[in-house]
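Notes to accompany the following structure.
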Amino acid sequence: MARRSEFQQIADLFAPLAASAPGALGLKDDAALLVPPAGQQLVVTVDAILSGVHYLPDDPPDLVARKLVRVNLSDLAAMGATPAGMLLACAFPRDCSDAWVEAFAAGLALDVVEFGCPVIGGDTVATPGPATFSLTALGWAPMGQALLRRGAKAGDLIAVTGTIGDGAVGLWAAQGRLTGLGVPEDACAALAARYHLPQPRLVIGQALRGLASAAMDISDGLVQDLGHVCAASGVCAEIRLEAVPLSAALQVAREHTHIADELVLTGGDDYELLLTIPPENWPEVEARLGPLAPTVIGLCREDDSAAETVRVLDRQGQPMQLAATGWQHF
Ligand SMILES: Nc1ncnc2c1ncn2[C@@H]1O[C@H](COP(=O)(O)OP(=O)(O)OP(=O)(O)O)[C@@H](O)[C@H]1O
Ligand SMILES: Cc1ncc(C[n+]2csc(CCOP(=O)(O)O)c2C)c(N)n1
Ligand SMILES: [Mg+2]
Ligand SMILES: [Mg+2]
Ligand SMILES: [Mg+2]
């Protein structure tokens with residue numbers, strides 16, 4: 001059967017994702033129209049994902065689409081924003097099947113509903129190279145209240161949401177690198193799921209407006225990303241390895257095979273929030289978030305040009321020497 005044309009694909013598979021947004025004009029015009037709610041500021045971010053770089057070439061297309069959405073909503077969460085819509089640029093390999101694109105669109109449809117975030121526009125091209133997707137996420141935050149990377153002060157608590165390392169170890173699981181080592185199947189599956197389907201911490205980011213002094217999401221690796229908050233804020237950081245929260249699945253996997261602390265600290269793909277919180281705000285953080293409250297892993301210190309910006313203390317309280325601090329494309 002002949003493949004759907006470019007415009008048929010937009011009409012059949014992407015236009016339904018715009019149905020809840022009148023300003024998307026049915027994906028039939030040159031651009032979309034948005035009306036900012038009174039007193040709100042537009043928050044806008046873009047991240048691309050590529051086959052073989054951000055996801056595995058054989059990953060299910062619905063999960064590729066949802067990862068694309070979620071890595072971007074994670075940046076909105078880091079700003080304390082509420083999602084409003086997304087623009088989706090797709091470069092499909094020339095031989096990509098209708099079935100692959102249909103499953104990709106079905107994955108998008110799930111997250112459009114889950115996060116109340118319609119596709120309001122995009123672009124579709126064919127590429128001689130690997131599949132490449134870019135998503136621009138739009139959100140709203142009350143004027144002047146977005147969370148920034150630049151507000152951390154010496155004495156602030158450093159905290160993370162959820163658990164760290166699952167995404168990086170989950171990539172190993174998804175690649176089959178934990179198979180045959182005695183790691184239970186369900187632990188492998190739980191870790192792979194964290195790699196395939198990150199959970200943007202939108203509710204937490206929104207709840208921490210006015211309480212966190214700085215925030216970002218952890219995509220490249222905890223240590224490297226903490227370095228970005230420190231650089232933006234003009235502080236140093238000290239965190240304790242033993243305080244970094246690990247999931248039950250990661251702890252089980254560690255009982256069966258060696259998983260380097262360094263992979264957990266620097267592997268990335270976490271999509272958790274990294275927060276600095278003035279100690280006087282901590283009781284209110286716990287009161288607002290209850291069981292979703294982040295875990296304190298360290299403290300911000302005065303900028304000290306003699307010391308490294310981010311110091312990680314090992315289980316003996318000694319500074320760790322890390323070969324790399326996180327993911328860099330080049
Ligand atoms: N090519 C570019 N042109 C303009 N701005 C860019 C470009 N690449 C990155 N930036 C900007 O640099 C800053 C850092 O980008 P980066 O991609 O590291 O952030 P991130 O999206 O939070 O991390 P990650 O991409 O690992 O999820 C952001 O403000 C981003 O908008
Ligand atoms: C197949 C495969 N190999 C390696 C990785 C690890 N990885 C790739 S990019 C990135 C940082 C975030 O991306 P960016 O900075 O481009 O937004 C990380 C941690 C992966 N996810 N999939
Ligand atoms: Mg980015
Ligand atoms: Mg990002
Ligand atoms: Mg980010």
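Small disclaimer: the values here were computed from a predicted structure and weren't measured. Whatever order the structure lists ligands and atoms in, that order sets their numbers, starting from 1.
- Taking the charged nitrogens against the carboxylate oxygens, Asp261 and Arg254 do have a contact shorter than 4.0 Å, which makes a salt bridge.
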Using distance only, find each side-chain donor-acceptor pair of residues 129-152 under 3.5 Å and give its atom names and separation, not counting sequence neighbours.
unit_1	atom_1	unit_2	atom_2	d
Thr132	OG1	Pro130	O	3.0

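- Rounded to 10°, the angle formed at the Mg ion (ligand 5) by Asp217 OD1 and Asp75 OD1 is 90°.
- For ligand 1, the 4.0 Å heavy-atom shell contains residues Asp47, Asp75, Arg149, Asp217, Ser219, Asp220.
- Atom OD1 is the N/O/S atom of Asp47 found closest to the Mg ion (ligand 3).
- Using cut-offs of 30° and 60° on the angle between ring planes, the pair Trp100 and Phe104 is parallel.
- A salt bridge links Lys67 to Asp269: one of the charged nitrogens lies within less than 4.0 Å of a carboxylate oxygen.
- Partner of Val244 under the side-chain contact (heavy atoms from CB on, under 4.5 Å) criterion, chosen from Leu265, Thr163, Val160, Thr295: Leu265.
- The hydrophobic clustering, which links ILVMFWY residues whose side-chain heavy atoms are closer than 4.5 Å, places Val69 and Ile120 apart.
- Inter-residue side-chain proximity for Leu241 and Arg315 is flagged as met; some heavy-atom pair is nearer than 4.5 Å.
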